[in-house]
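Everything on this sheet refers to the single structure shown next.
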Amino acid sequence: MYVKTELDGNCLVIYITNPPVNALSQAVRQAVVDVFKTVETNLDIEAVILTGQGRFFSAGADIKEFGKGDLLPSLPDVLDYIERCRLPVIAALPGTALGGGLEVALSCRYRLSVAAAKVGLPEVNLGLIPGAGGTQRLPRLIGMKKGAEFVTSGKPVGAKEALKLGIIDEIVETDLLEAAKAFARSLIGTTARSPISKMGPPEDWDKAAFDALMAKTKAKARGQVSPIAALEAVEAACTLSFEDGLKAEREIFKTCLENPQRAGLIHAFFAQRQAKKIPFLEAAVPQDVKSIGILGAGTMGSGIAIACASAGYDVLLFDAHTDALDKGITRIHAAFDHNIKTGRMSQPAAHSAKACVTPISDMQDLADVDLVIEAIVEKMDVKRAVFEQLDSICKSDAILASNTSYLNINEIAAATRRPDRVLGMHFFSPANIMKLLEVVRTEKASAQSLATAFAVGAKLGKIAVLSGVCDGFIGNRILKTYRAEAEFLLEDGALPQDIDRVMREFGFAMGPFQVSDLAGLDIAWHNRRKEDSTRDPNARYVDIADKLYDLGRFGQKTQAGWYDYKTGDRTAYPSPLVDDLVIAASQAKNITRRDISDTEILNRIMEAMLSEGRAILDEGIALKASDIDLVMIHGYGFPKYRGGLMFYGGITDK
Ligand code: 3H9
């Protein structure tokens, strides 16, 4: 049953009934059309309400149906039935209406909602544009500028904002359906307002303003086509009749549907949902976590503290050095103040988050916390000593997590008497912004401990992915092969600026050498020295970065690294000195430099990463190929519209 109806006197309530989110699958569309046909013939019905069963009005078209051909009736056909209905249809939103869900609501004559409802057109995030009149109706209703914002950002707004914009006519604080019925009955015998399709084009249409918006959208899209396509459809709404605009929208929608970016983005959407589905954690009940101790008030520890406090956890921030602790607290407060300034957080929310963070200089104060996240120096002996100490201080059921980027957490766990409650929670810098969290499964970690880490990750708004223990876990291990191959390419004939350009054109925000200049060549140099004793002496080692370090070229911080920089200017200028160094490095190894095409650069880097990805899968470090995709997208800037590394390489989960 995809639609349920209830007749209350002369008022028909139609419920979309397709749990969990009332997606508008073919069966739902057919059922809605069938009901509307009966409305036409049953003249006892004098008022019609369309609503959703449960907490969603509808999350839009059924994403699983894309790419499966035309499954009739189409959503635009359904909207046609609703709009042409002999009675004015009232949409009653019991919760969220997204994409096609909002388009359905916009085809109704009036819209009422609960206060918790959200509305939005997020199709752009799936590589699509609204394809059932959303780009034509919404700008007519709320104007070109606001309409453009909706379709290009894909961000939903709350009911209050929707009311202000005129998307919703009324927020109902009492019983939604009773209010909707009363509203519908009050219309009987009156002339209802015209449908949105009969409204004139947006009054704020301004070609110059639109062109500026398009230029901004193109710059921001970085290779993704859907935001630009969505804006083109808005232009059609402003310059064509409704019917012609609808045709233009349909054409643009179809082009997006066939673009591989749509498949990549939809893969990423489902990958995110799949990452939570871990067979051996299904039965585990997460522990209750209210308070979190964070060890280390450096950049990473402070970022984690901001994320935890923003999510409402009580945070005890420990650092053995008073200076570092003071700096950490200052950094945290500055971040919350910045959030207020930029409108990301309300003043009361930021103040209460600030109040959640308590600085402590005595580790004994961690005795009662539910979870500890350690973010101190990357030295095994120091970490083992700290975990041994934590083990004796913290209550017996507290979970102890390390934020190490590459150390063997099994060894850290072995320093405690609770190895089942020790695991990795690897955040990415800045930890309050970056979405990725690698939850690292140690040999003895219990299902409950891992489930708890996932639950905390979800509360922090992170995309948590399970990783096994290995050097660098999933992400840094792949990153290492990326960097290594980029450096091999240098010796073989490419220059840093060639490689960086190719990777930017592929969709990364920055190339590997720009990233290296940003992160600091000195830090990477120290990391390499730690690996000297264990590195395979027969492995190919490129020493150009060491030579740059010797010259004091540490990257942006010294205004010289792989590139040259000017004061107050972060532009990376290719450096003749670095070019000479690169050429000299090839000569020193008797490598004859040759022209390396852009295609070779891309293919070699991708193949190096893919080969590591395959090994990570084979070894069981990642459970699924799509988990690797998520790590690369959300931790390393792999373009989401390409679906992630493994998807790009044609490797998907069975
Ligand atoms: C569109 O409408 C195009 C039209 O303009 C034109 C057409 C011609 N379809 O995220 P959750 C599943 S494009 C199918 O874990 P939450 C999801 O996979 C669409 N399935 O819950 C998951 O399944 P499972 C535009 C969907 O509460 C389950 O529902 N709409 C759809 O954290 C629960 O999802 C969007 O882009 C769907 N549309 O978040 C909205 N949506 O249990 C996309 C969800 O098997 N959806 N599922 O893993 C979302 O943003 C979130 O899912 C939502 C709920 C906010 C709705």
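Here the structure is a predicted model, which is why all the values come from computation and not from measurement. First listed ligand is number 1; within each ligand, the first listed atom is number 1. We number each residue from 1, following the sequence as shown. Values below: every heavy atom of this structure, side chains too, minus hydrogens, waters and symmetry copies.
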inquiry  = Side chains of Asp629 and Ser626 only: does a donor on one sit below 3.5 Å from an acceptor on the other?
reply    = no
query = Can you tell me if Lys624 and Gln274 form a side-chain donor-acceptor pair at under 3.5 Å?
reply = no
Under 4.0 Å, counting heavy atoms only: does [X] come that close to any atom of ligand 1?
{"X": "Arg55", "result": "yes"}
{"X": "Lys118", "result": "no"}
{"X": "Lys277", "result": "yes"}
{"X": "Gly134", "result": "no"}

ask   = Which of the atoms of ligand 1 are close to Glu103, meaning less than 4.0 Å from one of its heavy atoms?
value =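 By the 4.0 Å cutoff, the relevant atoms are 4 (C), 5 (O), 6 (C).
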message = List ligand 1 atoms under 4.0 Å from Pro122, heavy atoms only on the residue side.
response = 30 (N), 35 (C), 36 (O)
ask   = Given Ile478, which of Leu645, Leu610, Val631 fulfils the side-chain contact (heavy atoms from CB on, under 4.5 Å) condition?
value =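 Single pass found, and it is Leu645.
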Phe269 six-ring centre to Arg273 NZ/CZ under 6.0 Å and within 45° of normal =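 So Arg273 does make the cation-pi contact.
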request  = Measure from atom 39 (O) of ligand 1 to the protein's non-hydrogen atoms and state whether any distance is below 4.0 Å.
outcome  =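 Not a single protein heavy atom is under 4.0 Å away.
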task = Can you tell me which residue pairs pass the salt bridge (charged side-chain N to carboxylate O under 4.0 Å, His left out) test with a partner in residues 448-462, sequence neighbours excluded?
result = none
